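The structure under discussion appears below in the form of structure tokens.
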Amino acid sequence: MKANKCSNCQYETIVELAFCPKCQQQAFKETTVPNEGTVYSFTTIRIAPPEYIEYAPYQVALVSLTDQLKVTAFIQDEVAIGDSVILKEVRDNAYVFEPQN
């Protein structure tokens with residue numbers, strides 16, 4: 001997975017920014033981050049909006065990829081805090097993870 005890292009303060013993000021929100025510099029470089037991470041937090045969506053009703057129930061999780069970088073993830077299977085997950089695909093700009101076996 002690709003990310004951007006500030007050359008000045010090492011802030012990491014998966015979105016493209018003009019300025020670093022931490023140090024205000026414009027010195028980003030592209031870097032590779034792991035496709036595997038750990039569930040940091042999650043919630044279960046049982047009553048989904050109409051466009052996601054076919055997936056319910058599903059988990060929306062915050063996944064730690066590095067010490068500084070966390071991404072919001074869609075996870076179809078049940079997970080718990082601390083579970084290892086792996087990136088399955090990026091669908092409609094959403095990061096879809098699944099539990100690692």
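Just so we're clear, the structure is a prediction, and the values are computed from it rather than from any experiment.
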- Tracing side-chain links under 4.5 Å among I, L, V, M, F, W and Y, which residues wind up in one group with Tyr55? Ile45, Tyr52, Tyr58, Val60, Phe74, Val96
- Item | Pairs touching residues 37-66 that satisfy salt bridge (charged side-chain N to carboxylate O under 4.0 Å, His left out), sequence neighbours left out | none
- Drop me the distance from Ile14's CD1 to Asn93's CG, to the nearest 0.5 angstrom. 10.0 Å
- Message: Is it the case that over 12 heavy atoms from other parts of the model lie below 6.0 angstrom from the CD1 atom of Ile53?
- Response: yes
- Do other residues, nucleotides or ligands put more than 12 heavy atoms under 6.0 Å from Gln10 CD? yes
- Message: Taking ring-ring contact (aromatic ring centres under 6.0 Å, His included) as the cut-off, I'd like each qualifying pair that reaches into residues 1-30, sequence neighbours left out, listed once.
- Response: none
Anything under 3.5 Å between a donor and an acceptor, one on a side chain of residues 31-40, the other on a protein residue two or more places apart or in another chain? List them.
unit_1	atom_1	unit_2	atom_2	d
Thr32	OG1	Lys2	NZ	3.4
Asn35	OD1	Met1	N	2.8
Glu36	OE2	Gln100	NE2	3.3

- Query: Could you state the interatomic distance from CD (Gln24) to SG (Cys6), rounded to the nearest 0.5 Å?
  - Reply: 9.5 Å
- Query: Can you check whether Thr66's main-chain N or O pairs, donor with acceptor, with Ser64's side chain at less than 3.5 Å?
  - Reply: no
- Message: Are Ile86 and Glu98 packed together at the side-chain level, in the sense that at least one heavy-atom pair is separated by less than 4.5 angstrom?
- Response: yes
- Please identify each residue that fulfils side-chain hydrogen bond (donor to acceptor under 3.5 Å, both in side chains) with Thr44, with sequence neighbours left out. Gln59
- With sequence neighbours excluded, tell me which residues meet salt bridge (Lys or Arg N to Asp or Glu O under 4.0 Å) with Lys5. Glu12
- Any chance you could measure Cys20, atom SG, to Gln26, atom CD, to the nearest 0.5 Å? 11.0 Å
- Message: With rounding to the nearest 0.5 angstrom, report the NZ to CD1 distance, Lys88 to Ile75.
- Response: 11.5 Å
- In sequence, state the C-alpha distance, the side-chain angles, and the governing distance for Lys29 and Asn4, and then conclude on side chain to side chain contact (heavy atoms under 4.5 Å, CB included). CA-CA 6 Å; Lys29 61 181 177 182; Asn4 294 306; over 6 Å; no
- NZ (Lys70) and CG (Leu65) are apart, to the nearest 0.5 Å, by 9.5 Å
- Message: What verdict does the side chain to side chain contact (heavy atoms under 4.5 Å, CB included) test give for Leu62 and Phe42, after you've listed the backbone C-alpha separation in whole Å, the side-chain angles of each residue and the deciding distance to 0.1 Å?
- Response: CA-CA 6 Å; Leu62 194 57; Phe42 75 95; over 6 Å; no
- Task: Write down the atom of Pro99, the atom of Val79, and the distance for their closest heavy-atom approach.
- Result: CG-CG1, 4.0 Å
